[in-house]
**Student:** 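Got a structure for you, questions after.
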Number of protein chains: 2
Amino acid sequence: MSCGNADLLVRALPAARRTRQRGAVLHVLVDCSDFVSAQQLHALTTADGIGVGLTTVYRTLRELEAYGRVDVVRDDAGERLYRLRPFGRHRHYLVCRSCGRSRAVDAEVVEAWVDEIGESAGFDAVEHTVELTGICATCRSATPPLAGGGEQ
Amino acid sequence: MSCGNADLLVRALPAARRTRQRGAVLHVLVDCSDFVSAQQLHALTTADGIGVGLTTVYRTLRELEAYGRVDVVRDDAGERLYRLRPFGRHRHYLVCRSCGRSRAVDAEVVEAWVDEIGESAGFDAVEHTVELTGICATCRSATPPLAGGGEQ
DNA sequence: AATAGAAATGGTATTCATTTTCATATATGG
DNA sequence: CCATATATGAAAATGAATACCATTTCTATT
């Protein structure tokens, strides 16, 4: 159970009153080891029997984002996906296009590169988005060989 | 005049028939030195008096994207913005959040990093998105100094 | 040039994530 | 317990992107 963790997060929100709904969203989020959409979170809280309004889900996610508690990526359809930030600093992820599973990757190289680019271009307040997708080893080997098996 | 350039691009599309509309979209795209949205392109062709249907604009952009003729980024609202790829290879950009102007940046470091990450994680067909935004020098100096004078 | 058929077009309707509105409910400090 | 600032959520609005499909227009072929 990760209730304690979720509690911590509720406190992490600024003006936050401790409400049942926010707790529910955070609880589900803590239990998700991977990126989830607002719609999924809504469905999950509903399934949990806690029923949080869609509006509140979106609101909570926006707050979490504003306070740097989550990382955000967009899927192919442009839908925003959220994932709790393990600890403070933002991270970049490699996401499998087949199963959707993601893993954080080491991106210091990129962070350094970003700084340098910004500086040499004379830009201030440089922000960056990096998204990696691919097909993970598991999915590749699980996939029926497209040409081999034979259609009948 | 960049008609020749646009012509070349029409030819670059695969099954492409040379139509007035596609020509118009490409023509406007060539004239745009920066990222534009589908909606903007639609408005621009209309302003040009050529009037291309929104559907066709989207279709053309999707094709251009599929054939690697344009780079795509998303703005804050999640809207897709398109920009012609100077020559073949995809590029990454540093976009000013204030004036919207963008410049291509040197990203070989990142390309190499991506390859390495993909390989070491055992992922196939790794694709990446990198977006940089900031405030360009021009905009910064044009902006009234927010903190410089000191709060009193 | 005429023609047939494939491809392209575009107005309209639809989808769907996200935001806004606003009336109601509920935390929380005093 | 009370007051009230804050949070909630149903319903409506927004808006980009897509689907539908009847109509138009290329283009190869004769």
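Values below: all heavy atoms of this structure, side chains included; hydrogens, waters and symmetry mates excluded. Per chain, numbering begins at 1; letters A, B, ... match sequence-line order. This one's a predicted model, so the numbers in the text were calculated from it and none came from an experiment.
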**Student:** For B/Asp76 and C/dT18, give me the distance from atom CG to atom P, rounded to whole Å.
**Tutor:** 15 Å
**Student:** Do A/Phe123 and B/Leu94 make a side-chain contact, defined as non-hydrogen atoms from C-beta onward lying under 4.5 Å apart?
**Tutor:**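 Yes; the side chains approach each other to less than 4.5 Å.
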**Student:** Answer yes or no: is there an ion pair linking B/Arg140 with A/Asp124, defined by an N-O contact shorter than 4.0 Å?
**Tutor:**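 Salt bridge flag = yes for A/Asp124 with B/Arg140.
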**Student:** For A/His42 and D/dG9, give me the distance from atom NE2 to atom P, rounded to whole Å.
**Tutor:** 8 Å
**Student:** Rounded off to whole Å, could you give me the CG-to-P distance for the A/Leu41 and D/dT8 pair?
**Tutor:**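 Spelled out: CG on A/Leu41 to P on D/dT8 is 14 Å.
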**Student:** Please step through side chain to side chain contact (heavy atoms under 4.5 Å, CB included) for the pair A/Val25 and A/Gln21, ending with a clear verdict.
**Tutor:** CA-CA 6 Å; A/Val25 171; A/Gln21 292 88 338; 5.7 Å; no
**Student:** Does the pair A/Glu63 and A/Tyr58 meet the rule for a side chain to side chain contact (heavy atoms under 4.5 Å, CB included), with working shown?
**Tutor:** CA-CA 9 Å; A/Glu63 274 175 57; A/Tyr58 275 106; over 6 Å; no
**Student:** To the nearest angstrom, how far is A/Leu26 atom CG from D/dT8 atom P?
**Tutor:** 11 Å
**Student:** Rounded to the Å, how far apart are B/Gln40 CD and D/dA17 C1'?
**Tutor:**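 My rounded result for the distance is 16 Å.
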**Student:** May I ask you to verify if any side-chain N or O of B/Arg80 is less than 4.0 angstrom from the OP1 or OP2 atom of D/dA16?
**Tutor:** no
**Student:** Can you tell me if A/Tyr58 touches the phosphate of C/dT19, counting only side-chain N or O atoms and a distance under 4.0 Å to OP1 or OP2?
**Tutor:** no
**Student:** For B/Arg83, what residues pass the salt bridge (charged side-chain N to carboxylate O under 4.0 Å, His left out) criterion, not counting sequence neighbours?
**Tutor:**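 Here the qualifying residues are B/Asp34.
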**Student:** Between A/His90 and A/Glu127, does a side chain to side chain donor-acceptor pair (under 3.5 Å) hold up when you go through it step by step?
**Tutor:** CA-CA 11 Å; A/His90 85 153; A/Glu127 291 172 10; over 6 Å; no
**Student:** Given side chains that start at C-beta, do those of B/Leu26 and B/Leu64 come closer than 4.5 Å, heavy atoms only?
**Tutor:** yes
**Student:** Separation of A/Leu61 atom CG from C/dA17 atom P, in whole Å?
**Tutor:**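 Nearest whole value for this atom pair: 14 Å.
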**Student:** Could you check which residues of residues 44-57 of chain A get a heavy atom under 4.0 Å from DNA chain C? Sort them by number, please.
**Tutor:**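 A/Leu54, A/Thr55 - these, ordered by number, are the residues of the stretch whose heavy atoms sit under 4.0 Å from the strand.
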**Student:** Test your reading of the model: is there a side-chain donor-acceptor pair from A/Asp48 to the backbone of A/Ile50, 3.5 Å cut-off?
**Tutor:** no
**Student:** To the nearest angstrom, how far is A/Gln39 atom CD from C/dT18 atom C1'?
**Tutor:** 8 Å
**Student:** How does each nucleotide of nucleotides 22-30 of chain C score, in 5' to 3' order, for protein heavy atoms under 4.0 Å: base (B), sugar-phosphate only (S), or none (-)?
**Tutor:** ----BBS--
**Student:** Using whole Å, what does the distance between atom P of nucleotide C/dT15 and atom CD of A/Glu79 come to?
**Tutor:**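 Spelled out: CD on A/Glu79 to P on C/dT15 is 17 Å.
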**Student:** Are side-chain N/O atoms of B/Thr60 and B/Arg22 paired as donor and acceptor at under 3.5 Å?
**Tutor:** no
